[in-house]
Amino acid sequence: MKSSSEQSPVMVVERSEDSGEREKEKKKNKRRSNRRSKQNSPIPVLSSQNDLSGESSVPVGNGGKTRCYASSMGCSSSKQLEFDGHLLSEHEPTTVSRIAFSSMPTMLVNEQQEDLLLSGPGGSMLAKSCTEPVVGGGPHGKLLPFHQFAGQAQSKIFAPYWSMDTVNEALEKGDVFKVLFRVNAHNRLEAYCKIEGVPTDVLISGIAAQNRAMDGDVVVVKVDPFSFWTKMKGSNAPSNNLSTSEDSNLHLETNGEVGGSCKGKSKMNLVLECADFGNSLVPQKGFHNDESTCASEVVHDNYVNGNHQSASESSHTAPSTGKDEVSNSVGRICAMLSSYPSKRPTGRVVAIIEKSPRRDVIVGFLNVKQWFYYREGCKQNAKKNKSLLSLSNREYIEIMPTDPRFPKLMVLVSGLPDCIKKRLEDEDATVEMELVAAQIDNWSDDSPFPEAHVSRIFGRGSEMESQINAILHENAICCSEFSPQSLSCLPSNTWEVPKDELENRKDIRNLCLFTIDPSSATDLDDALSVQKLPSGLVRVGVHIADVTYFVLPETALDMEAQVRSTSVYMLRRKIPMLPPLLSESLGSLNPGVDRLAFSIFWDFNSSGNVVDRWIGRTVIRSCCKLSYEHAQDIVDGMIDAETCNTLGDSLPQLHGHFEWADVVGSVTCLHEISKTLREKRFDNGALRLESSKIVFLFDECGVPYDSTLCERKDSNFIVEEFMLLANSTAAEIITRAFPDSALLRRHPEPNMRKLREFEAFCCKHGLELDTSSGNFQQSLERIKEKLRDDSELFNILINYASRPMQLATYFCSGALKDNMNDWSHYALALPLYTHFTSPLRRYPDIVVHRTLAAAIEAEHLYMMDRRVSLKARPGEEGTRCFTGICFLKDAAESSEGKEALAAAALKHRIPCSELLSHVAAYCNERKLASRNVKDACDKLYMWVSVKRKEVCFLHLDL
């Protein structure tokens, strides 16, 4: 039998200056390949461009072989292919100019095609191909079908992971960095990592440099020497980043980098550059941390368990013992970026510290067509070998993930669910229409694909319900019923406010207060009230459901609420954080019934300034449930005291002794105050980057058929302004009382590079934009006025303006006590902010409620102690030392104050700084997952509605 090199012509991959040298190199390479083939060498050569893929073997630092896979489907043979410089031994020449690959049998692949680039630092030695490497090279040089590759690999594809000892030592020295691995959803071969203190993300380019890391993993990254850094996208400088699909020419950077060498630079200079960022060679000893703990399990065991390191934590830094070394390394990177702003650092993954939970819930479709093609070949050979007709333990089927950030998966056919195997045996091609979930079991360094098993079958991928269930599953949303243990923590549905609560709380049931929510809302967290005082001041009250009365710390209900962390909304469906008995009945501020609440009152003067405040636990009774539409009609004057009697059933039911004139007057007054608060916020630099909201229209079966745009109105802003004020007030109180144990929310400043790009974009189109502090919003308002006749363009502009913005996150004040400048909320222009107003649907609000209760309790204990000791001056016993506008720091730092605060914290189970940091990190993960669900469902609804329109148009054409 002929060797693979003799079966097909050779395609030489090289970097050359002229065609004459290329022809010489082709002949030389062919002679070398023929010699190797005659000697039965395992090193194959690349087939013609019509063949699908191939592989190459090159030495690695540990003396083994590293195999590089590439595919030439649809690729021109004239394109340059380069190999990963990371995998070259330090004793090997780094100016490799050609690489040989083996031919592969053509396979019928039903998949999307994209570029595959195996690139080293800066993209040197790179192979361009289609989506994934394709397996080849069986024992004795024979080619194996794609479905029987497992266990046949004889050489390494990826570099081995560093040992844990090596990682820790390198972290302390600042040679490597512990970071979160994020994959570009538009190009999986591009991944980015944020190093704390470095303004530009590090690019991890190509599957070799990514080294089996997946989106959401916490990894250890080695930054490449400066000579390998690539240019920023959009920069005019030449680039050596070859992993992007637009860089189809695969050109080298003008400094002539190939592998680790650079023209015009001496070897000593290159060594000095490498020394700046550490040794770029990989240690021989491999390491991988297989202790992947599910966050929900950790939280369920103990909600203040300190063993969980969340992948969502933004700062993955080295141990404190190496802070100076880490700081120096970060400083050197920042210095280079400052000198070369068009450059982007590149790097490679050397270890995976924590695996992403997404590895366990990858959703996709089985690619059965090529398996059927393989089985057809088996049938033809059945006369020679009847065993080929049975399912082999070495047969694999591809899973094509729906999320482009993840690689293909290989699943053993013998390990598939019985229902799938039966359909495969019956040659049922519709199996590929089934949407499945898979869990990754292993990804060894000698395998181009991870191995997995199917864990769940959702049904036909064309059905909306299957898609929604898959979205929930891949975001780890808990859809199960609440446990009996959790439900046992709640009273019966006939519960009424106990007598002792009426005695210990402020009774404000005679106050005209009401809720304003979407008409379909069932979990009513907040209510509003307003009073005009004889002194001329206006007292506004925000009343929040007192969920912590029912959800006690460390109970089964508390544990389950923390695991869920947030309610998930999908327009037509809601997955609650708390049982409906609590979230929609006992805890919800429904009209006409007594409810427990946490209330904040502010006294406003005529200028809209707060001159006094009170916060405490209350008993309330809402007089009505207003929708945003009702409130807007009141603001617009369509509903007033005179027209209320004629509107009849179109208005909600009014409870108690109040009249509609009371409600109309309250809404009007609240609207005027909210306008003043809003104006002050924007004058202080607050930012609003909201475009029109898409509203879907559903038919009687719950299927979307159309969509429309909806603008926010004044009634939305009434609620928003007072909720923001309540949240900032709560943040101020808990931070002063418990400076190390306050759960806050921060919003970092935007990415300045992207912000400058947006500014340049506006300037290019004749739109003046000032992004300096305090002027951003005013500039956007002027642009909006200029584009008042082109709302679509303005919405696009707002979307563009949102790109530089970073995510807001929860954090523990004690974790950032040395960096208080990082506490602020950029978009709201507030120094302190938290979430207090939605405890029925957000777990952080429950934590904040407990902290507030502890501050109120401590204040009461302190004042009681002062009265007993007779040290208080006349009238001082009524001073609100911890919750009032004027915080008495001396009282908090006194021995009595410290004792009161400690006792209250213990009573209300306020977690310490370390434990609260883990709670914050987990809540960040769950909030992001909830947001992903909403975004994915919106895209699904849009797709379904557009598809239905296409069908309607098709019928009309017919």
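Every value quoted in this text rests on a predicted model; they were computed, and no experiment measured them.
The neighbour count for Lys680 NZ, taken as heavy atoms of other residues, nucleotides or ligands under 6.0 Å away, is above 12. Atom CZ of Arg712 has more than 12 neighbouring heavy atoms from other residues, nucleotides or ligands inside a 6.0 Å radius. More than 12 heavy-atom neighbours from other residues, nucleotides or ligands sit within 6.0 angstrom of CG on Asp500. In the displayed structure, Lys907 atom NZ is contacted under 6.0 Å by at most 12 heavy atoms of other residues, nucleotides or ligands. Remark: Glu481 CD is loosely packed, at most 12 non-hydrogen atoms of other residues, nucleotides or ligands lying under 6.0 Å away. Atom CD of Glu672 has more than 12 neighbouring heavy atoms from other residues, nucleotides or ligands inside a 6.0 Å radius.
Between Glu584 and Lys574 there is a salt bridge, since a side-chain N of the basic residue sits under 4.0 Å from a carboxylate O of the acidic one. Electrostatic pairing of Lys675 and Glu679 does not count as a salt bridge here, judged by no charged N lying under 4.0 Å from a carboxylate O. Salt-bridge check for Arg880 with Glu859: failed, with every basic side-chain N at 4.0 Å or more from each acidic carboxylate O. The residues Lys693 and Asp938 are annotated as not salt-bridged, no charged nitrogen and carboxylate oxygen being separated by less than 4.0 angstrom. Contact check on Arg678 versus Asp714 returns no salt bridge, with no Lys/Arg side-chain nitrogen under 4.0 Å from an Asp/Glu carboxylate oxygen.
To the nearest 0.5 Å, atom OG of residue Ser824 and atom CG of residue Leu832 are 9.0 Å apart. Atom-to-atom distance recorded for Ile516:CD1 and Asn716:CG is 9.5 Å, nearest 0.5 angstrom. Note that CE of Met863 and CZ of Phe882 are 9.0 Å apart. Values are rounded to the nearest 0.5 Å. Separating the OG1 atom in Thr618 from the CG atom in Leu502 is a distance of 11.0 Å, to the nearest 0.5 Å. The CG atom of Leu513 sits 6.5 Å away from the SG atom of Cys623 when rounded to the nearest 0.5 Å.
Residues that satisfy the side chain to side chain donor-acceptor pair (under 3.5 Å) test with Arg505, not counting sequence neighbours, are Glu501, Asp546. By the salt bridge (charged side-chain N to carboxylate O under 4.0 Å, His left out) test, Arg681 pairs with Glu720, Glu721, sequence neighbours left out. With sequence neighbours excluded, the residues satisfying salt bridge (charged side-chain N to carboxylate O under 4.0 Å, His left out) with Arg564 are Glu560. Judged as a salt bridge (charged side-chain N to carboxylate O under 4.0 Å, His left out), and not counting sequence neighbours, Lys506 has no contacts. Partners of Thr494 according to the side chain to side chain donor-acceptor pair (under 3.5 Å) rule, which considers only residues two or more places apart in sequence or in another chain, are Ser492. Judged as a salt bridge (charged side-chain N to carboxylate O under 4.0 Å, His left out), and not counting sequence neighbours, Asp822 has no contacts.
Using the six-membered ring where Trp is involved, His747 and His825 have ring planes that are tilted, between 30° and 60° apart.
Side-chain atoms of Ser588 and Asn590 include a donor-acceptor pair closer than 3.5 Å. No side-chain donor from either of Asn924 and Tyr810 sits under 3.5 Å from a side-chain acceptor of the other. Between the side chains of Arg509 and Ser622, no donor-acceptor pair is found at a separation under 3.5 Å. Side-chain atoms of Ser627 and His630 include a donor-acceptor pair closer than 3.5 Å. For the residue pair Arg841 / Ser838, a side-chain donor-acceptor distance below 3.5 Å is found, with atom types taken as modelled.
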Apply side chain to side chain contact (heavy atoms under 4.5 Å, CB included) to residues Arg613 and Thr729 and explain how you reach the verdict.
CA-CA 9 Å; Arg613 75 181 179 211; Thr729 300; 3.9 Å; yes
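Counting only distance, with no hydrogens or angles, the side chain of Ser607 and the backbone of Asn609 share no donor-acceptor pair below 3.5 Å.
Nearest heavy atoms, Met577 versus Ala561: CG-O, 3.6 Å. The minimum heavy-atom distance linking Ala527 with Thr515 is given by the pair CB-CG2, 3.9 Å. When all heavy atoms of Ala742 and Leu916 are compared, the closest pair comes out as C-CD2, 3.8 Å.
Taking the ring centroids of His543 and Phe598, they lie at or beyond the 6.0 Å cut-off.
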